[in-house]
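Input: a single structure, listed below in C-alpha cells.
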Amino acid sequence: MSVEEFWDLVYQPKHEKALYMQRIDIETLTALRRLRYQGHRLHIVTARNRPQAIRYCYEVLSRDAIRIDTVDFTQDKAAFVQEYNAEFSIDDHVHHYERYNQW
C-alpha cells in the first residue's frame, strides 16, 4: 500500500468502520477478562485522537462488553504508564517504550 493509499484509508469517512470497528479476537477478549478477574486494572491509552476514532473506540468496548478502568486519547503514552503505575504495557511502537520510566 502506498503512503497516499494509507492516508486515504485512515482519513476518509468511507473507511471508518473498516478501520476502527474490527472484531477483537476471542483470545484477546479472554485474556482481558482473565486479567480483570485476577484483579488487574485495565487502561487503554491510544494515540488515535480523531473524533471518529474516539467514538468507535467506545463503540467497540461497548459492543464486546469489555470493562476498562480508563480510556485516554493522547500521543504521550509514557505519562499515563507512569501515572497509572502500570505493571506492564503493550504497544506496537518501540519509541513509546523508550520513554517509559518503568522497564
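Just so it is clear, the structure is predicted and the values come from calculations on it, not from any experiment.
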Side-chain heavy-atom pair Arg48, Ile54 within 4.5 angstrom cut-off: no

For Ile26, is there any backbone N or O sitting under 3.5 Å from a side-chain donor or acceptor partner on Thr30? yes

Arg23/Asp64 salt bridge by N-O under 4.0 Å criterion: yes

To the nearest 0.5 Å, tell me how far Phe80 CZ sits from Asp72 CG. 4.0 Å

Please evaluate residues Ile68 and His43 with respect to the criterion side chain to side chain contact (heavy atoms under 4.5 Å, CB included), reporting the C-alpha separation (whole Å), side-chain torsions for both, the decisive distance (0.1 Å), and the verdict. CA-CA 6 Å; Ile68 299 293; His43 305 279; 5.5 Å; no

For the side chain of Glu5 and the backbone of Ser2, is there at least one donor-acceptor N/O pair under 3.5 Å apart? yes

Determine whether Tyr37 and Leu35 fall in the same hydrophobic cluster, where Ile, Leu, Val, Met, Phe, Trp and Tyr are linked whenever their side-chain heavy atoms lie under 4.5 Å apart. no

Min side-chain heavy-atom separation Leu42-Arg67 under 4.5 Å: no

Is it true that a side-chain atom of Thr74 and a backbone atom of Lys77 form a donor plus acceptor pair closer than 3.5 Å? no

When rounded to the nearest 0.5 angstrom, what distance separates NE2 in His40 from CG in Leu32? 11.5 Å

Got Val81 and Val45 here, is their nearest side-chain heavy-atom distance under 4.5 Å? no

Could you pull out the closest heavy-atom pair between Arg41 and Asp69, with the gap in Å? CA-OD2, 3.1 Å

Could you report the tightest heavy-atom contact between Gln75 and Asn49, atom names first, then the distance? NE2-ND2, 3.9 Å

One should read off an interatomic distance between Glu27 CD and Arg34 CZ, to the nearest 0.5 angstrom, of 10.5 Å

For the residue pair Tyr56 and Tyr20, categorise the inter-ring angle as parallel (less than 30°), tilted (30 to 60°) or perpendicular (more than 60°). parallel

Going by heavy atoms in the side chains, are Ile44 and Ile66 under 4.5 Å from each other? no

Heavy-atom donor-acceptor pair, Arg63 side chain to Tyr58 backbone, under 3.5 Å: no

For the atom pair CE (Met21) and SG (Cys57), what is the distance rounded to the nearest 0.5 Å? 10.5 Å

